[in-house]
Amino acid sequence: MKNKLVARILYEIADLLELEGVPFKPRAYRRAAQAVESCSTPIEDFVAAGKLSELSGVGKAIADKIEEIVKTGKLAYHEELKKKLPIDLYSLTRVDGVGPKTAKLLYEALGVRNLDDLERAARAGKIREIKGLGKKTEEKILRGLAEARRTEARMPLGHAYPIADELRRRLRKTGLFTRLEVAGSLRRGMETIGDLDILGTAPDPNAAAAAFVGLPDVEEVIAHGPKKSSVRLSSGLQVDLRIVPEESFGAALQYFTGSKAHDIALRARAVARGWKLNEYGLFDEGGKVLARKTEAEIYARLGLSFIPPELREDQGEIAAAEAGNLPDLVELSDIRGDLHVHTDWSDGKAPLAVMVAEAKKRGLSYIAVTDHAKFSQMIPGLTPDEVRRQIEEIARLNG
DNA sequence: GCCGTTTTCGGCCCGACTGTTTTCAGTCG
Ligand SMILES: Nc1nc2c(ncn2[C@H]2C[C@H](O)[C@@H](COP(=O)(O)OP(=O)(O)OP(=O)(O)O)O2)c(=O)[nH]1
Ligand SMILES: [Mg+2]
Ligand SMILES: [Mg+2]
């Protein structure tokens, strides 16, 4: 799967164009990069099918570039742009607090091209001498280097869930928060998540934020304010917390759930109506509140049916919501059966009748009983005769 | 460079925190 490689090159092009002062194109390249990155289908498949432009944000020009990357592993346009600034922008901007402008400044002042150069310059105390940078920036860069060198690993959704739950439990225990919800890619149910995004309301936001950055396994405080704080845990996982006024909770949940592209599209929709949408609410020309308490109100006021978080990727869901054409998502209640169930006939814990009763309680219409057969002394299993008897009991329960 | 029941041309989201700034640019969500 070459999605990561393609995204990386597109992101670099965005930074390089931005540094040249080119307007709007950086935004287009970033949007395309993000679309490719968050696409769970290999981008090669789109190329093979000639369907790259089906990705919203990818047009003819970028589609051609993606095809070139997939076929040759590189892109002439990208290499040409890099001649003017021959540095590893992608790696350098992975350092916390280092963006394209700082990377360029570091290259021009000190010849820094990569992370090793950056570390040498920081250790030698050269960075604090650059006009516009200082001691704190140098120290922050030194702290950020190790993290930037780690191989980029997004966390599987299933690993992130329990961590988020535990974090929420610990924050709730401080007694300083009234509401706490998980937002970001975790709420959207993405297969992998880059960080944890948590939204809260609190009577005393300063105290709540202080409790957050003071959690035991916080290794680094990236930002600390009454509305927004960010930390890195000792595991390397970043956690972002937004604290908003109670009445803005719906607008804030909409903002913080994202995705970024979905947020931007919704905000543009508000602008087209002469309104403004931010994490505090939807406002008309005069600043009057149109909606803010719930997400549902925000979508309704923008003329859209409610869009479930799982669909919020700006890949056609807004048009569908406007037309009332949103697909029905699979819910827990849609699960009809369980095709792998053990009972106490082998190594399961519950008797067959209990499993059947529980399955009915959960609204399942069938289960497949898949007890072990006898094949080792170590694992309990059914003999051919027991299988026949179990089949009879199943028939009785079905009857 | 992309996109569209306001448009196929003319727009392109909005705000919080930090550091070195004497008034705001850069980075990030
Ligand atoms: N309006 C707006 N919202 C943004 C922007 N960047 C991020 N957000 C919002 C939407 C995101 O889903 C949310 C959390 O940001 P993250 O960087 O954590 O992204 P997200 O959780 O979607 O993906 P991740 O798995 O963390 O990479 O903040 C932005 O540039 N503008
Ligand atoms: Mg996130
Ligand atoms: Mg985040």
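Below, each value reflects all heavy atoms present in this structure, side chains not excepted, and no hydrogens, waters or symmetry copies. Labels below follow one simple rule: chain letters A, B, ... track the order of the sequence lines, proteins then strands, and each chain is numbered from 1.
- If you take CG of A:Leu241 and P of B:dC28, they are 19 Å apart, rounded to a whole angstrom.
- Residue-level contact check: A:Lys25 touches the bases, meaning some heavy atom is under 4.0 Å from a base atom.
- Comparing A:Gly225 and A:Tyr29 by the nucleotide of DNA chain B whose heavy atom lies nearest to each, the residue mapping closer to the 5' end is A:Tyr29.
- Between A:Thr137 and B:dT20 there is a side-chain polar atom (N or O) within less than 4.0 angstrom of OP1 or OP2.
- Rounding to whole angstrom units, NZ of residue A:Lys60 and C1' of B:dC3 are separated by 17 Å.
- Atom P of B:dC9 sits at a distance of 26 Å from the matching atom of B:dC14, rounded to the whole Å.
- Only the C1' atoms considered, B:dC12 is 16 Å distant from B:dT8, to the nearest whole Å.
- A:Lys104 comes within contact range of no nucleotide atom at all, as no heavy-atom separation falls under 4.0 Å.
- We find that CG of A:Leu55 is positioned 12 Å from P of B:dC2, with the value rounded to whole Å.
- Rounded to a whole angstrom, the distance from the C1' atom of B:dG19 to that of B:dG11 is 34 Å.
- Nucleotides B:dT27 and B:dT21 place their C1' atoms 16 Å apart, quoted to the nearest Å.
- Residue-level contact check: A:Tyr255 touches the bases, meaning some heavy atom is under 4.0 Å from a base atom.
- Between A:Leu133 and A:Arg267, the residue anchored closer to the 5' end of DNA chain B is A:Arg267, taking for each the nucleotide with the nearest heavy atom.
- Each of A:Asp195, A:Val221, A:Asp96 was compared with A:Arg232 under the side chain to side chain contact (heavy atoms under 4.5 Å, CB included) criterion, and only A:Asp96 meets it.
- Rounding to whole angstrom units, NZ of residue A:Lys140 and P of B:dG19 are separated by 7 Å.
- Remark: A:Tyr77 is not in phosphate contact with B:dG1, judged by side-chain N or O atoms under 4.0 Å from OP1 or OP2.
- Going from atom CG of A:Leu277 over to atom P of B:dG29 covers 20 Å, rounded to whole Å.
- Using a 4.0 Å heavy-atom distance criterion, A:Pro226 is classed as a sugar-phosphate-only contact.
- Look at A:Lys276 and you'll find a side-chain N or O under 4.0 angstrom from OP1 or OP2 of B:dG15.
- The side-chain tip of A:Lys65 points at the ring of A:Tyr77 from less than 6.0 angstrom away and within 45° of straight on.
- Transitive grouping of hydrophobic side chains (ILVMFWY, heavy atoms separated by less than 4.5 Å) brings A:Val387 and A:Leu397 into a common cluster.
- At B:dT27, one or more side-chain N or O atoms of A:Thr102 fall inside 4.0 Å of OP1 or OP2 (strictly under the cut-off).
- A:Glu317 has no carboxylate O lying under 4.0 Å from a charged side-chain N of A:Arg312, or vice versa, which leaves the two without a salt bridge.
- Using a 4.0 Å heavy-atom distance criterion, A:Ser56 is classed as a sugar-phosphate-only contact.
- Checking B:dA16, B:dT6, B:dC12 against the side-chain heavy atoms of A:Val271 singles out B:dC12 as nearest.
- The listed nucleotides are B:dA16, B:dC2, B:dT27; the one nearest the side chain of A:Lys227 is B:dA16.
- In this structure, of B:dG29, B:dG1, B:dT27, it is B:dG1 that holds the atom nearest to the side chain of A:Lys65.
- A:Asp240 comes within 4.0 angstrom of the backbone, heavy atoms only, and of no base.
- Each of B:dG1, B:dC28, B:dC12 was ranked by its minimum atom distance to the side chain of A:Asp96; first place goes to B:dC28.
- In this structure, of B:dT27, B:dG29, B:dA16, it is B:dG29 that holds the atom nearest to the side chain of A:Asp195.
- Summarising the base pairing, B:dG10 is matched to B:dC3 through a Watson-Crick or G-U wobble pair whose two defining distances lie under 3.5 Å.
- Using a 4.0 Å heavy-atom criterion, one finds that A:Pro100 contacts the sugar-phosphate atoms exclusively.
- A distance of about 23 Å separates the P atoms of B:dT6 and B:dC2, rounded to the whole Å.
- With B:dT18, B:dC14, B:dG29 as the candidates, the nucleotide lying closest to the side chain of A:Asn278 is B:dC14.
- No salt bridge links A:Asp197 with A:Arg187; every basic N to acidic carboxylate O contact stays at or beyond 4.0 Å.
- Separating the C1' atom of B:dT5 from that of B:dG1 is a span of 23 Å, rounded to the nearest Å.
- Rounded to a whole angstrom, the distance from the P atom of B:dT20 to that of B:dC28 is 16 Å.
- Here the P atom of nucleotide B:dG19 and the CD atom of A:Glu139 are 10 Å apart, to the nearest Å.
- Protein atom CH2 of A:Trp275 is 18 Å distant from nucleotide atom C1' of B:dC14, rounded to whole Å.
- Counting only N and O atoms by type, the side chains of A:Asp347 and A:His342 include a donor and acceptor under 3.5 Å apart.
- A:Gln238 has no side-chain polar atom (N or O) that falls below the 4.0 Å cut-off from OP1 or OP2 of B:dC28.
- Side-chain contact of A:Ser56 with A:Arg31: a donor-acceptor pair under 3.5 Å is present, judged by distance alone.
- Between B:dG29, B:dG15, B:dG19, one nucleotide has an atom nearer to the side chain of A:Phe256 than all others, and that is B:dG29.
- Each of B:dC2, B:dG29, B:dG19 was ranked by its minimum atom distance to the side chain of A:Lys228; first place goes to B:dG29.
- In this structure, the CD atom of A:Gln254 is 14 Å from the C1' atom of B:dG15, given to the nearest Å.
- In the set B:dT20, B:dC14, B:dC17, B:dT20 carries the atom at the smallest distance from any side-chain atom of A:Lys136.
- Under the 4.0 Å criterion applied to side-chain N and carboxylate O atoms, A:Glu246 and A:Arg179 are assigned as salt-bridge partners.
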